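This report concerns only the one structure given below.
These numbers were taken from a predicted model, which means no experiment stands behind them. Numbers for residues simply follow the sequence, beginning at 1.
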Amino acid sequence: WTMMVLMPTRISSLRFVGRSTELAQLVDAWKHADAGDRATTVLVGGEAGVGKTRLLAELGERVREQGGLVLVGSCLELTHQSLPFGPVVEAVRALRRTLDPATLEAVVGPAGPVLERLLPETAPVSGANDELSTAVLFEHLRGVLERLGERVSTLLVLEDLHWADHSTRDL
């Protein structure tokens with residue numbers, strides 16, 4: 001199930017105002033996903049400065065209040081280069097700070113050697129320099145997210161996808 005939330009105008013405030021309809025749509029999508037009713041992907045679109053990040057932060061607060069985990073990764077605007085899987089690496093890196101060691105080990109499971117290549121700080125690299133197959137990487141990341149979702153309701157937010165590198169878009 002996929003939906004799109006468009007935010008047509010700019011609103012600025014220290015308090016969260018003017019986006020109750022959009023927030024209600026996101027909360028509803030979260031509730032269905034959290035209940036296991038359906039997998040959910042939501043694309044939040046709008047001009048720069050209309051409050052997309054603030055809206056997602058409000059959703060994140062509600063998810064955390066319900067005991068859920070929020071992982072956020074952001075794409076960077078780089079002129080002539082890109083960081084492969086940058087927002088995914090940023091989001092997955094938060095797992096190490098968030099999960100206890102036993103849960104982290106269970107969530108990572110067989111993806112450990114693959115994640116070492118994306119996140120070299122998680123463990124010493126085994127010395128293998130062979131090129132990582134994209135399909136293998138995608139499968140391992142999917143497995144990590146599935147195992148994580150089995151243990152804790154998880155909201156994955158990838159911001160500024162219009163700046164995503166080719167690898168991130170493929171994933």
Can Val92 and Leu71 be said to form a side chain to side chain contact (heavy atoms under 4.5 Å, CB included), step by step? CA-CA 7 Å; Val92 172; Leu71 301 176; 5.9 Å; no
If I compare all heavy atoms of [X] with all of [Y], which pair ends up nearest, and what's the gap?
X	Y	answer
Ala111	Arg147	CB-NH2, 4.0 Å
Trp163	Cys75	CE3-O, 3.8 Å
Ala29	Val42	CB-CG2, 4.0 Å

Between Val72 and Glu159, does a side chain to side chain contact (heavy atoms under 4.5 Å, CB included) hold up when you go through it step by step? CA-CA 8 Å; Val72 179; Glu159 293 202 59; 3.9 Å; yes
Taking the side chain as every heavy atom from C-beta outward, state whether Leu69 and Leu95 have any atom pair closer than 4.5 Å.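 Leu69 vs Leu95: side chains touch.
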Side-chain contact, heavy-atom cut-off 4.5 Å: Val44 with Gln25?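 They are not in contact (no side-chain heavy atoms under 4.5 Å apart), so the answer is no.
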To the nearest 0.5 angstrom, please state how far the [atom1] atom of [X] sits from the [atom2] atom of [Y].
X	Y	atom1	atom2	value
Asp160	Lys52	CG	NZ	7.5 Å
Leu141	Leu137	CG	CG	4.5 Å
Thr134	Glu139	OG1	CD	13.0 Å
His166	Phe85	NE2	CZ	9.0 Å
Leu161	Leu43	CG	CG	7.5 Å
His162	Arg169	NE2	CZ	11.5 Å

Option among Leu155, Val70, Leu26, Leu23 that satisfies the side-chain contact (heavy atoms from CB on, under 4.5 Å) test with Arg62: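 Running side-chain contact (heavy atoms from CB on, under 4.5 Å) over Leu155, Val70, Leu26, Leu23 with Arg62 returns exactly one hit, Leu23.
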Steps toward side chain to side chain contact (heavy atoms under 4.5 Å, CB included) verdict (Asp170, Phe138): CA-CA 9 Å; Asp170 285 348; Phe138 289 2; 3.9 Å; yes
Check step by step if side chain to side chain contact (heavy atoms under 4.5 Å, CB included) holds for Arg151 and Leu148. CA-CA 5 Å; Arg151 288 163 176 78; Leu148 178 62; 5.5 Å; no
Whether over 12 other heavy atoms sit under 6.0 Å from Glu105 CD: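 Not more than 12 within 6.0 Å, no.
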